[in-house]
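Quick notes on the structure that follows.
Residues: numbered from 1 along the sequence shown. When reading the values below, keep in mind they use all heavy atoms of this one structure, side chains included, and skip hydrogens, waters and symmetry mates.
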Amino acid sequence: MTPIRIETTLSIVKPDGFKKRLIGKIIQKYEESGLTLAAIQRFDLTRAKAEGFYSVHKERPFFPSLIEFMTSGPVVVMAWRGEGAIDKVREINGATDPKKAAPGTIRALWGESIQNNIVHGSDGSGTSKFEVSYFFPDLR
Ligand code: CMP
């Protein structure tokens, strides 16, 4: 039998999701998948905090615009926990580009562009550890 892998992953409702008042609907989708909320907080990201979070993308052409966007309004940052949490959140979020996201996913339903795509989700176990502790350093 494969051992149960309990993971903690990070999700961010981006400024477009906040402005569209989608927080409740997004939480509902994660909860209905069986995941448990481990931490949640609203942030008004500073440029430095946003740049540090997305530092892996700092050489990409979209980086300046992404930082502009992520600091354009409040975000809601959440840690979700459960079996296979990283993949579950990625699946519920859908592909980065809303046009390529599967029907019914958050990005397909509400995303407007590859940048304004409503949510962020950790993409692997290394990134989830960095990302969860970046916002919730005391979470155990
Ligand atoms: P996210 O999953 O938060 O990871 C990086 C973010 O950069 C991505 O979602 C988008 O909001 C943004 N972005 C803008 N352009 C691109 C692109 N061409 N490829 C990937 N991400 C992009």
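Residue pairs meeting the side-chain hydrogen bond (donor to acceptor under 3.5 Å, both in side chains) criterion with at least one partner in residues 84-102, sequence neighbours excluded, are Y30-N93.
Take Q41 and apply the side-chain contact (heavy atoms from CB on, under 4.5 Å) test, not counting sequence neighbours, and it matches F43, F136.
The residue from I40, L35, I23, I12 that alone fulfils the side-chain contact (heavy atoms from CB on, under 4.5 Å) condition with M78 is I40. Checked against E112 for a salt bridge (Lys or Arg N to Asp or Glu O under 4.0 Å), the options K20, K19, R107 give a single hit: K20.
When only modelled atom types and interatomic distance are considered, S65 and Q115 share a side-chain donor-acceptor pair under 3.5 Å. Side chains of T71 and R47: no donor on one and acceptor on the other come within 3.5 Å.
Scanning all heavy atoms of the two residues, the minimum distance from P15 to G73 falls at CG-O, 3.6 Å. What you find for S11 and V119 is that their closest heavy atoms are OG-CG1, 4.4 Å. Minimum interatomic distance between T8 and A79 (heavy atoms only, all atoms of both residues): CG2-CB, 4.0 Å. Among all heavy-atom pairs drawn from A108 and P103, the shortest one is CB-CA, 4.3 Å.
Salt bridge E51/K49: absent, no basic N to carboxylate O contact under 4.0 Å.
Aromatic ring pairs are classed by plane angle as parallel below 30°, tilted from 30° to 60° and perpendicular above 60°; the pair F53 and H120 is perpendicular.
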